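Both counts, for ligands and for their atoms, begin at 1 and track the order of listing. All figures in this text were calculated on a predicted structure; none of them were measured in a lab.
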Amino acid sequence: MVKVSILGLGVYLPSKRLTNFDLEKMVDTSDEWIRSRTGIVERRVASPHEKTSDLAHKAALQALKNAKISAEKIDLIVVATASPDSSFPSVACKVQKAIGAKKATGFDVSAACAGFLYALTTAKQYIQTGMAHHALVIAAERFTDLIDWTDRDTCVLFGDGAGACVLGKAKSGHITADFLQAFGDQWDLMQVISEGGRSPFHPEKTACAKLPYVRMQGQELFKMAVNSMADAIEKVIKKAKIKKENIDCIVPHQANDRIMSAVAKKLNISKDKIFINIDKYGNMSAASIAVALYEAVESKKIKKGDNVVLVAFGAGLVSAANVVKW
Ligand code: UT7
C-alpha cells in the first residue's frame, strides 16, 4: 500500500480581531464568562471583501510553498467548508483557478467541524489508489456569516480562518490510520436554520424573514463531543497499533477548552499532550484542526518521528480521527 504524507502546511487568518470585550458591547455577555466557559479570548473576522475561497486560496499558496510543489503538479483539490461562498460553484474550483492548478479536479466536502479530517482521509485514498499524485486539502471557513449576532449562546464561540496541506507519496512520516463515523440520528443538535424562502409553491414560506444562522444545543453537544472524540482516539490508535502512552501530541477540534480537558481526563492522558489555540481563534469549524496542526508544527510541539493524533467532532453529528507518524 502506498504511504501518504503531509508534505507542507499553510494557514491564513484574517487580520481583524474580535475580542471578548468587543462582544460585551454587542450582547449580554462578559469576558469572564467566555474565558471560563470556553477558553476563548479573541477570534478573527474576515473583511467584507474576503470570501471563503479567498481565505482558502491564501492558505493553499503557503502550503504549496512549504511543500515546494508547484500548482501544476496538483491533481486533486478537496475543500472542507460549512460556509462556502455559495452552494455552487465549489470553493475547490475557485481555488483551482486562483492557483492555476490546470490539471486538477476538485470538490468540497461537508462534514462541519470534522471537515478537514474527512477531506484529508478522502484525498489520502485518491493517492493510495493512484487516482492522484499530489492533493491539496484545504479547510476554510467564513463562519461569522452563519451567526445570529444577537444570540449570545453562539456568537461568542466562532471565528474565521483557513488552513491547508499538500499530500503526496511519503517522503518521511505518513498517515498511518483513519477513523470516520456519523451519528445521523442526532443531526438536530446543531444545524443551520433558514427562515423563509422564495419558492412560489410554498407560500407560507415566501417571506424571507432571516438569513441562515446556526442553532445548537450546547450541553448535549458537549457530552457527545467528549464521548465521541475519546472513542475516536481509542479506535484510531488501535488501528495504528500504538498505545495511549505512545501518543506524543493530540491536535483536536477546538470547540471548547473544557471539552479538551474532559477528553484528556476520560482517556487518562496528560493535557500537556493536547495542542490548544482556541484562546486566539475560537471555533473555526473545519479550519480549526488545520490551523492548530500548522501552529503545533511551527512551535515544535510536533517533531519528526512523533505520533500525532488528529481528532474532530462536529455537526451531523460526525466524528473523525487520524494518526500521523510525523
Ligand atoms: O464545534 C462543534 C460543536 N460544538 C460544540 O461542541 C459546543 C459544545 N458546547 C459547549 O461548548 C458549551 O455547552 C457552551 C460553551 C456552548 C455553553 O456552555 P455551558 O457551560 O454548557 O453553558 P449553558 O448553555 O449551560 O448555559 C449556562 C448559563 C445559562 O444561564 P442560566 O440559564 O444558568 O441563567 C446561559 O443563558 O450561561 C448563560 N450563557 C451565557 N452567559 C453569558 C450562555 N451563553 C452565554 C454568554 N454569556 N455568551
Side-chain angles (χ1 to χ4, degrees), residues 18-43 80-83 110-118 139-144 146-161 163 181-184 186-193 213-233 251-266 274 276-279 281-292 310-321:
L18 183 71
T19 67
N20 294 346
F21 296 106
D22 296 327
L23 283 160
E24 283 183 357
K25 295 176 199 135
M26 297 167 66
V27 287
D28 180 16
T29 192
S30 66
D31 173 60
E32 199 283 326
W33 190 96
I34 303 169
R35 269 178 208 253
S36 62
R37 304 310 293 168
T38 70
I40 302 167
V41 177
E42 61 179 29
R43 66 290 288 146
T81 184
S83 49
S110 167
C113 303
F116 181 61
L117 302 192
Y118 274 72
E141 301 281 15
R142 204 186 133 108
F143 213 83
T144 52
L146 295 177
I147 296 304
D148 171 355
W149 287 94
T150 63
D151 174 23
R152 72 174 183 175
D153 288 351
T154 51
C155 76
V156 303
L157 303 175
F158 297 95
D160 300 332
Q181 186 164 16
F183 310 91
Q186 293 178 72
W187 65 265
D188 56 336
L189 291 187
M190 187 172 182
Q191 53 182 308
V192 175
I193 297 176
Y213 60 96
V214 172
R215 270 284 173 274
M216 60 180 216
Q217 296 177 39
Q219 288 187 0
E220 289 309 308
L221 281 170
F222 191 106
K223 285 179 229 154
M224 274 295 289
V226 174
N227 291 333
S228 66
M229 289 210 289
D231 182 58
I233 292 171
V251 182
H253 172 51
Q254 313 276 317
N256 188 323
D257 187 61
R258 290 186 298 126
I259 291 178
M260 298 184 259
S261 300
V263 170
K265 194 171 168 205
K266 196 170 166 75
I274 302 189
I276 295 168
N277 64 0
I278 191 173
D279 52 322
Y281 309 120
N283 180 346
M284 295 183 286
S285 185
S288 278
I289 292 182
V291 172
L310 312 176
V311 63
F313 162 83
L317 301 176
V318 286
S319 66

Next on the checklist: For the 3.5 Å polar cut-off, considering only N or O atoms, please tell me whether Thr29 and ligand 1 meet it.
Outcome noted: yes
Item to check | Check: Gly218 N/O within less than 3.5 Å of ligand 1 N/O | outcome: yes
Item to check | Contact bool for atom 40 (C) of ligand 1 (protein heavy atom, d < 4.0 Å) | outcome: yes
Checklist entry - Are Arg258 and ligand 1 in contact, using a heavy-atom cut-off of under 4.0 Å? => result yes
Checklist entry - Does the protein place any heavy atom closer than 4.0 Å to atom 27 (C) of ligand 1? => result no
Checklist entry - What is the nearest protein non-hydrogen atom to atom 4 (N) of ligand 1, stated with its residue, atom name and distance? => result Leu221 CD1, 4.0 Å
Next on the checklist: So, using salt bridge (charged side-chain N to carboxylate O under 4.0 Å, His left out) as the criterion, who are the partners of Arg258 when residues are at least two apart?
Outcome noted: none
Checklist entry - What is the closest protein heavy atom to atom 12 (C) of ligand 1, and at what distance does it sit? => result Asn256 ND2, 3.9 Å
Item to check | Heavy-atom check, side chain of Ile259 versus side chain of Phe222, under 4.5 Å | outcome: yes
Checklist outcome for this item: Near Arg37 (heavy-atom distance under 4.0 Å), the atoms of ligand 1 are 20 (O)
Checklist entry - Do you know the tightest heavy-atom contact between Leu317 and Gln186? => result CG-O, 3.5 Å
Item to check | Atom of Ala312, atom of His253 and distance for their closest heavy-atom approach | outcome: CA-CB, 4.0 Å
Checklist entry - What pair of heavy atoms forms the shortest contact from Phe313 to Ser228, and how long is it? => result CD1-OG, 3.0 Å
Checklist outcome for this item: Result for side chain to side chain contact (heavy atoms under 4.5 Å, CB included) between Met216 and one of Asp188, Leu189, Asp153, Leu221 points to Leu221
Item to check | Heavy atom of protein closer than 4.0 angstrom to atom 47 (N) of ligand 1 | outcome: yes
Item to check | For atom 1 (O) of ligand 1, the option (of Ile40, Asn283, Asp257) bearing the nearest heavy atom | outcome: Asn283
Item to check | Closest approach of any protein heavy atom to atom 3 (C) of ligand 1, naming residue and atom | outcome: Met190 SD, 3.6 Å
Checklist entry - Among protein heavy atoms, which lies nearest atom 7 (C) of ligand 1, and at what distance? => result Met216 CE, 3.9 Å
Next on the checklist: Checking a contact table here: which protein heavy atom is nearest atom 2 (C) of ligand 1, and how many Å away?
Outcome noted: Cys113 SG, 3.6 Å
Checklist entry - What's the shortest distance from atom 37 (O) of ligand 1 to any protein heavy atom, and which residue and atom give it? => result Trp33 NE1, 3.2 Å
Checklist entry - Short list, please: which atoms of ligand 1 are under 4.0 Å from a heavy atom of His253? => result 1 (O), 2 (C)
Item to check | Flag: protein heavy atom within less than 4.0 Å of atom 33 (O) of ligand 1 | outcome: no
Item to check | Which residue and heavy atom of the protein sit nearest atom 35 (C) of ligand 1, plus the separation | outcome: Arg152 NH2, 3.8 Å
Checklist entry - For Ala262, what residues pass the side chain to side chain contact (heavy atoms under 4.5 Å, CB included) criterion, not counting sequence neighbours? => result Val226
Checklist outcome for this item: Between Thr154 and Ile147 the two heavy atoms that sit nearest each other are O-CD1, 4.4 Å
Checklist entry - To the nearest 0.1 Å, how far is atom 6 (O) of ligand 1 from its closest protein heavy atom, and which atom is that? => result Ile259 CD1, 3.7 Å
Checklist entry - What are the atoms of ligand 1, with element, lying closer than 4.0 Å to any heavy atom of Thr38? => result 15 (C)
Item to check | Location of contacts on Ile34 toward ligand 1, heavy atoms closer than 4.0 Å | outcome: neither
Item to check | Heavy-atom closest contact (Gly163 atom, Ala287 atom, distance) | outcome: N-CB, 4.4 Å
Next on the checklist: Treating Glu141 as the side-chain partner and Ala286 as the backbone partner, does any N or O pair qualify as donor plus acceptor under 3.5 Å?
Outcome noted: yes
Item to check | Closest candidate by heavy atom, reference atom 24 (O) of ligand 1, pool Gln219, Gln217, Met224, Met229 | outcome: Gln219
Next on the checklist: Would you compute the distance between atom CE of Met26 and atom CG of Leu18 and round it to the nearest 0.5 angstrom?
Outcome noted: 6.0 Å
Next on the checklist: What I want to check is whether the side chains of Asp22 and Thr19 have a donor and an acceptor closer together than 3.5 Å.
Outcome noted: yes
Next on the checklist: Measuring from atom OH of Tyr281 to atom CG of Asp279, what distance do you get when rounded to the nearest 0.5 angstrom?
Outcome noted: 8.5 Å
Checklist outcome for this item: One finds that the ligand 1 atoms under 4.0 Å from a non-hydrogen atom of Val156 are 48 (N)
